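Note sheet for the following structure.
Here the structure is a predicted model, which is why all the values come from computation and not from measurement. What you see below is based on every heavy atom in this structure, not just the backbone, and it leaves out hydrogens, waters and symmetry mates.
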Amino acid sequence: MDDDYYSIDSILSENQKIQCTFKVDIPDMGHLDGGHERDIKAQSRVQLPLWLAFILIYSDYADFTIPPPFNSRVRNALNAEAKSVKLSALVGAGGFWYGFGKMIMRLLDDEPANEMSGLLTKSFRNRLVEVIDQAQHFAALGPAGGGGQSGDAALAFREGLEVTERELFLLAQESAKRTKQWYESTDRLRR
């Protein structure tokens, strides 16, 4: 995922909401909470998009809690069996779990940021082998993952993937198909 201002992936990752607790009263900003109050009072908890939370946290007006997609329950599940966790279901907007985690790392101090980085890296590594293996398997079955029940299985597997993993899946699947076509075309020439 790019950190480019115009990157759609970056925009969607920054649009995820996090729970913020205000440290001070903020006058005339009650509309951010979606309520009928005119002001935001100190100790109020408000769900804010990450792009707005950056400004408030760095200005020391608010603190945040680690969002649910990265809580201890998810970390334990990823440590137990990373392949079984449906990362796309943990975050909305198409499943930008890795991008969201990368954005959260910017808000953390060194030690928690290193832990988050380790979680993201370990999860990606543990899931990558299965992503590539499944992509090659479904590519070998033919167009659209073989159609029928196999196609449904391919679709179900892809739905659980995070956006980055889904892109890698499609690239690996296309690569396997092209390799098979090349191998079959060169095999015919040798006969």
Side-chain angles (χ1 to χ4, degrees), residues 1-20 47-54 57 64-108 112-147 150-179:
M1 183 191 75
D2 299 331
D3 285 334
D4 183 15
Y5 179 79
Y6 297 105
S7 166
I8 298 298
D9 293 349
S10 183
I11 291 168
L12 290 173
S13 295
E14 288 180 345
N15 203 38
Q16 297 292 324
K17 292 188 176 186
I18 62 173
Q19 182 81 31
C20 290
Q47 290 271 339
L48 296 173
L50 195 54
W51 59 267
L52 180 57
F54 273 125
I57 292 166
F64 79 103
T65 55
I66 298 291
F70 304 101
N71 66 18
S72 60
R73 185 171 154 239
V74 173
R75 285 194 311 265
N76 291 338
L78 287 167
N79 286 330
E81 185 60 45
K83 296 179 273 188
S84 67
V85 179
K86 288 190 171 193
L87 296 180
S88 64
L90 296 176
V91 290
F96 287 91
W97 187 79
Y98 293 110
F100 186 35
K102 185 178 170 189
M103 298 290 179
I104 293 295
M105 281 175 38
R106 292 182 183 167
L107 295 172
L108 298 172
N114 289 337
E115 288 176 20
M116 177 75 75
S117 176
L119 172 70
L120 296 172
T121 303
K122 183 180 176 187
S123 299
F124 186 77
R125 284 182 182 161
N126 289 343
R127 294 169 60 89
L128 183 61
V129 173
E130 183 72 13
V131 169
I132 300 301
D133 184 51
Q134 291 295 325
Q136 291 178 348
H137 170 74
F138 289 117
L141 295 176
S150 304
D152 294 342
L155 182 62
F157 178 76
R158 280 192 301 253
E159 285 177 357
L161 298 177
E162 194 267 352
V163 170
T164 306
E165 295 170 336
R166 207 172 303 135
E167 289 173 5
L168 289 172
F169 179 90
L170 293 173
L171 287 171
Q173 192 173 32
E174 183 62 28
S175 176
K177 286 178 185 177
R178 288 183 180 191
T179 301

Checklist entry - Within the side chain of Arg127, is there an N or O that forms a donor-acceptor pair under 3.5 Å with the backbone of Leu161? => result no
Next on the checklist: Less than 4.5 Å apart, side chain to side chain, heavy atoms only: is that true for Tyr98 and Leu87?
Outcome noted: yes
Checklist entry - Nearest heavy-atom pair of Ala82 and Ser123: which atoms, and what distance? => result CB-O, 4.5 Å
Checklist entry - Once you round to the nearest 0.5 Å, how far does CD1 of Ile57 lie from CZ of Arg106? => result 13.0 Å
Next on the checklist: Please check: side-chain N/O of Ser117 versus main-chain N/O of Ala113, any donor-acceptor pairing under 3.5 Å?
Outcome noted: no
Checklist entry - Hey, are the side chains of Arg75 and Leu119 touching, using non-hydrogen atoms and a 4.5 Å cut-off? => result yes
Next on the checklist: I want to check something: taking the side chain as every heavy atom from C-beta on, are Leu108 and Asn114 in contact at a cut-off of under 4.5 Å?
Outcome noted: no
Next on the checklist: I need the minimum non-hydrogen distance between Cys20 and Ala53, along with the two atoms involved.
Outcome noted: SG-CB, 3.8 Å
Item to check | Spacing of Lys86 atom NZ and Glu162 atom CD [to the nearest 0.5 Å] | outcome: 15.0 Å
Next on the checklist: Checking side chain to side chain contact (heavy atoms under 4.5 Å, CB included) between Pro68 and each of Asn71, Ile66, Thr65, which is the one that passes?
Outcome noted: Asn71
Next on the checklist: Let me confirm one number: the CD-CG distance from Gln173 to Leu168, rounded to the nearest 0.5 Å.
Outcome noted: 12.5 Å
Checklist entry - Under the side-chain contact (heavy atoms from CB on, under 4.5 Å) criterion, do Phe64 and Ile104 qualify, and how do the steps go? => result CA-CA 10 Å; Phe64 79 103; Ile104 293 295; 4.3 Å; yes
Next on the checklist: Which heavy atom of Phe54 sits nearest to which heavy atom of Met103, and what is that distance?
Outcome noted: CZ-O, 3.7 Å
Checklist entry - Donor-acceptor pair, Asn15 side chain versus Ile11 backbone, under 3.5 Å? => result no
Item to check | Gap separating the CG atom of Leu48 from the NZ atom of Lys17, nearest 0.5 angstrom | outcome: 8.0 Å
Checklist entry - Counting only N and O atoms by type, is there a donor-acceptor contact under 3.5 Å from the side chain of Ser175 to the main-chain atoms of Leu171? => result no
Checklist entry - How far does CG of Asn126 sit from CG of Leu78, to the nearest 0.5 angstrom? => result 8.5 Å
Next on the checklist: If we ignore hydrogens and angles and just use 3.5 Å, is the side chain of Glu165 paired with the main-chain N or O of Val131 as donor and acceptor?
Outcome noted: no
Checklist entry - Do Pro69 and Gln16 touch side chain to side chain, with heavy atoms closer than 4.5 Å? => result no
Next on the checklist: Could you tell me if the side chain of Trp97 sits less than 4.5 Å from the side chain of Val85, heavy atoms only?
Outcome noted: no
Checklist entry - Could you give the distance from CD (Glu174) to OG1 (Thr179), rounded to the nearest 0.5 Å? => result 9.5 Å
Checklist entry - Considering only heavy atoms from C-beta outward, does the side chain of Phe100 approach that of Ile18 to under 4.5 Å? => result yes
